[in-house]
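Structure first, commentary second.
Both ligands and their constituent atoms are indexed starting at 1 by order of listing.
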Amino acid sequence: MTTAAIPYVGSTMDRIEGPEKVTGRARYAFEHSPQDLAYAVPVPATIARGEVRSIDVDAVVQLPGVIAAIWHGNAPRLSTPENAELAVLQSPRVAYRGQYIAIVVAETLQEAREAALRLRVEYDAEPHDVELRIDHPGMYRPDQVNPFYPADTEMGDPDSAFAAAPVVVDAMYSTPAEHNNPMEPQATVAMWDGDGLTLYDSNQGSSAVRDTLAPLFGLPPENVRVISPHVGGGFGSKAAPKPPVVAAALAAKQVGRPVKLAVTRQQMFAVTGYRTPTIQRVRLGADADGHLTAILHDAFEQSSRIDEFAEQTTTPTRVMYAAPNRRTTHRLVRLDVPTPSYMRAPGEAPGMFALESAMDELAVAGKIDPVELRIRNEPAAAPESGLPFSSRNLVACLREGARRFGWAGRDPAPGVRRRGRWLIGTGVASSTYPVYRFPSQASARCDADGTFTVRIAASDIGTGARTALTQIAADTLRTPPDRVRVEIGDSAMPSATMAGGSMGTASWGTAVVRACQSLAEELDRRYGEVPAAGLETSADTTEEIGAQQRFARHAFGAQFAEVAVDVDSGETRVLRLLGGFAVGRIINPKTARSQFIGGMTMGLSMALLEESIMDGEFGDYLNHDFAQYHIAACADIRDVDAFWVEEDDPHLNPMGSKGIGEIGIVGTAAAVANAVYHATGIRVRDLPITLDKLVR
Ligand code: MOS
């Protein structure tokens, strides 16, 4: 059976929960207030390294409304987690400034905050080390990089090939730490009933939260229920459970009452993950025609003392361009810093900034048009694995993008186009993101009234996943979407992978199709007759996904930018952004477009604004609020548009789709930086592109 001839997948459908959201009826984690609720406020460490010597909990429990003050001296014991970051209040050690060292629980939020502020903590502080540098003696090669790639790869003789190349680029790039800032900060309401734990929680995967918390509290998974029907964004910060959800469950256990814990925006800059800063060296060697002979890409990045998060910065370089001689490496240093984590396109976003900036520099050095340079280095198969691509339409994106953007006849000379007080330039960069699919389960049910219910512990973090799954189910069941109810966001439903790695719809959609196919077959066998008790089927895609043929599966795209740079102030404005993507079949053009232009907007923000500044003296990220951590707002965004090219790929999943949540951010910053070079003649290799880097 194929869904190809049936109409809902591929057509625009409004978000099912849209009216609920805009009228305020959709309830988010924080909005649940069970009887007898108490409020928990975590206390962050004010040293970057050392030990908590003592906490005067007795003093604060005397304060009005305070129920408990919890620290490692009196906290319930947890099993040792795989990720030591989650061992909340289990040890006096402080691994980074901002780490939770205590939790105050009180009758009201105000009382809890007041008591938390008054808590007297004594530390044995130790000197800290928070600065990422390339020559740090602690640099090491991780065993692998996220999620499962080798740290280093090498083919041919890259050093000799680079040394012999007539046209070369050898440049250092850097990207700063950046913090995920979804609209809804992390929040949890935790309730115990004997040995049963229920959480209303804001996350990117309720099954993952259950599977992480259950062993931590020594419970079988079925004793933990995580309910998360609506989530206000995550960008990766809610993909894996972080300390706040553990803190909420721990506090509720300690006081024997339901507890609400909402992470403040400021605390998000320490405890909910961020994009590691990177320092990258890219060396490209090419012949006089621009054919690459050597590609070398080395990345240096950080993790915390307590957890190794090794970002996959150079992995996109392994699939982008043909070259017989190549090397990619990752080196990591463990510092006294908050633990980095996923942030929209971890690896690809910073890595492609460096590679695609270097490609632009090579185009300039070799006097070749940058669109043409990329087309000339198109590989026939995946350059390192040798696997055939399941589909690859980078060239189509570049060509069609160039046509729509008006690239033809572009004068490559930098710094020569002036419009009033603005210097104008255009730039291009490629984009890519891998196609992942993880096992999931789903159930499908038909009731006697002819309506259908599909259940899966999927997450809609604002992407439109619920709507896309409804379209997929409707097509498979050959019924209009208004007869299908898709229920998601509850770990009591069939287990599912998280909304991350741009794999949600592909993973969940496969399970939904399989469950709905069995149901449709069962109904066919009964000539459409539904028994009074209804009919239910289920599916588990573990085997199907395990057995899939080996292909290089990746999405590709091309980003075009036009910028204006003020000749005196250096202020940069992005006048136009156009992204073209080859991502298999588009399930819902409306929600897909939002994913693309949302990613591109975040890429613009990365290019010009976002930067978390580490305070060397105190060891934390200084600019931890929206007054000082700048994110692109409406006035920064002029004309952002996306299109997609037809791509028919039979090797993906029953929908023929590739993930679209992250590719929009990849390459955007390089396209902007390349346009800034074209406008001004100044090559900014260190993000973000702030005024000081353009004023001389
Ligand atoms: Mo995404 S950064 O893989 O949630």
Identify whether the distance between the nearest side-chain nitrogen and carboxylate oxygen of E184 and K238 falls below 4.0 Å.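 Yes, this pair counts.
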
T278 vs F300 side-chain heavy atoms within contact, under 4.5 Å: no

Quick one, P434 and E348 - any side-chain contact, counting heavy atoms below 4.5 Å?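 The answer is yes; the side chains approach within 4.5 Å.
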
I want to know whether Y200 and F30 have ring centres closer than 6.0 Å.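 Not close enough - the centres of the two rings lie 6.0 Å or further apart.
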
Between Y621 and H179, is the ring centroid distance below 6.0 Å?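 Yes; H179 has its ring centre under 6.0 Å from that of Y621.
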
Tell me: protein heavy atom nearest [atom], and distance?
atom                    : value
atom 2 (S) of ligand 1  : R344 N, 3.2 Å
atom 4 (O) of ligand 1  : Q204 NE2, 2.9 Å
atom 1 (Mo) of ligand 1 : E662 OE2, 3.2 Å

Residues passing the side-chain contact (heavy atoms from CB on, under 4.5 Å) test with P42, sequence neighbours excluded, are Y100, L261, Q267

Checking the N or O distance criterion of under 3.5 Å, is ligand 1 in contact with Y433? no

Would you say G501 and ligand 1 have an N/O pair spaced under 3.5 Å apart?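 Indeed, backbone or side chain, G501 has an N or O that close.
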
Numbering the atoms of ligand 1 from 1, which are under 4.0 Å from a heavy atom of [X]?
X    : answer
G500 : 1 (Mo), 3 (O), 4 (O)
P346 : 2 (S)
F235 : 2 (S)

Honestly, is R392 close enough over F556, meaning NZ or CZ under 6.0 Å from the six-membered ring centre and within 45° of the axis?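 R392 over F556 ring: yes.
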
So, 4.0 Å and heavy atoms of K238: is ligand 1 close enough to count as a contact?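 False for this residue.
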
Using a 4.0 Å heavy-atom threshold (strictly under), name the region of M343 that reaches ligand 1: side chain, backbone, both or neither.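 For M343, only backbone atoms sit under 4.0 Å from ligand 1.
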
Which bit of S502 gets closer than 4.0 Å to ligand 1, counting heavy atoms only: side chain, backbone, both or neither?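 Under 4.0 Å from ligand 1, S502 contributes no heavy atoms.
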
Y436 vs F438 aromatic rings, parallel, tilted or perpendicular, using cut-offs 30° and 60°? perpendicular

